Amino acid sequence: MEQAWLWFGVAGLIVVLELASGTFYLLMVALGVAAGGIAALLRADGPLQWVVAAVVAGVAVWLLRRSRFGQRRIKVDASADPNTNLDIGQRLHVDEWRPDGQTRATYRGAEWDVELMPGETPDAGWFVIREVRGSRLYVAHVTV
C-alpha cells in the first residue's frame, strides 16, 4: 500500500510539472505512473509495476503523438497571414506610382508606404494587400 502512494505522489508531482510546461506529454507520463500505482494497489511485484507504468506511458505518448494535439504546427509568417493580420486581402486604390515601384496611399484614414510585389506592373488602379511589414503595404493587382 505504501508503494502505491509513492507512485501516486510521483504522478501528482509530474502533473504539477505539466502545468508549468504547457505540453501534454508529461500528462501522458503521469498516466503511466498512475498505472504503476494501480498495479501496486493490485499487489503486483516491483518489476511488473515498472513494466505497467512504462507500457501505459509509452502507449499514451504514442496516441498523443498521433492525435491533432501532438502534431507540429508549421509556423506562418505573420506579415502574409490573413488569420494574423486582417489587412491582408483588403483592397487599396493607388493613383500613381514612382519609377521605383513605390508610392504613398491612404488606407484606413492614414498615409501608408506602398510597394509592389515582385512581378507586378506599376499601373494606377485597385490593388490587394498581400503583406504588411511595419508601416509598408506590399500589394498586387486585383484579379477578377
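Values in this document were obtained by computation on a predicted structure and should not be read as measured data.
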Can you name the nearest heavy-atom pair linking [X] to [Y], along with the distance?
{"X": "A35", "Y": "V52", "value": "O-CG1, 3.7 Å"}
{"X": "I14", "Y": "A30", "value": "CG2-CB, 3.8 Å"}
{"X": "V114", "Y": "V139", "value": "CG1-CG2, 3.6 Å"}
{"X": "V29", "Y": "A57", "value": "CA-CB, 4.1 Å"}
{"X": "V33", "Y": "A11", "value": "CG1-N, 3.7 Å"}

Answer yes if [X] and [Y] sit in the same cluster of Ile, Leu, Val, Met, Phe, Trp and Tyr residues linked by side chain heavy atoms under 4.5 Å apart, and no otherwise.
{"X": "V15", "Y": "Y25", "result": "yes"}
{"X": "L63", "Y": "V55", "result": "yes"}
{"X": "V128", "Y": "L137", "result": "no"}
{"X": "V59", "Y": "L64", "result": "no"}
{"X": "L13", "Y": "W5", "result": "no"}

As an exercise, state the distance from [atom1] of [X] to [atom2] of [Y], rounded to the nearest 0.5 Å.
{"X": "Q3", "Y": "D45", "atom1": "CD", "atom2": "CG", "value": "9.5 Å"}
{"X": "Q49", "Y": "I38", "atom1": "CD", "atom2": "CD1", "value": "11.5 Å"}
{"X": "I88", "Y": "E131", "atom1": "CD1", "atom2": "CD", "value": "7.0 Å"}
{"X": "L48", "Y": "L42", "atom1": "CG", "atom2": "CG", "value": "9.5 Å"}
{"X": "D113", "Y": "T103", "atom1": "CG", "atom2": "OG1", "value": "9.0 Å"}
{"X": "L92", "Y": "W126", "atom1": "CG", "atom2": "CH2", "value": "7.5 Å"}

### Query
How about W97 and Q102: does a side-chain donor come under 3.5 Å of a side-chain acceptor?
no

Give a yes or no answer on whether the side chain of [X] reaches the backbone of [Y] with a donor-acceptor pair at less than 3.5 Å.
{"X": "T106", "Y": "E111", "answer": "no"}
{"X": "W112", "Y": "Y107", "answer": "yes"}
{"X": "E120", "Y": "H141", "answer": "yes"}

### Task
Check whether more than 12 heavy atoms from other residues, nucleotides or ligands sit under 6.0 Å from atom CZ of R98, and answer yes or no.
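Enclosed: over 12 neighbouring heavy atoms sit under 6.0 Å from CZ of R98.
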
### Query
Among R136, R133, R104, whose salt bridge (charged side-chain N to carboxylate O under 4.0 Å, His left out) with E115 holds?
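Running salt bridge (charged side-chain N to carboxylate O under 4.0 Å, His left out) over R136, R133, R104 with E115 returns exactly one hit, R136.
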
### Query
If you draw the axis of the six-membered ring of F127, does the NZ or CZ of R91 fall within 45° of it and under 6.0 Å from the ring centre?
no

#### Entry: Side chain proximity check, F8 to L41, heavy atoms < 4.5 angstrom
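The answer is yes, as the side chains (C-beta and beyond) meet within the 4.5 Å cut-off.
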
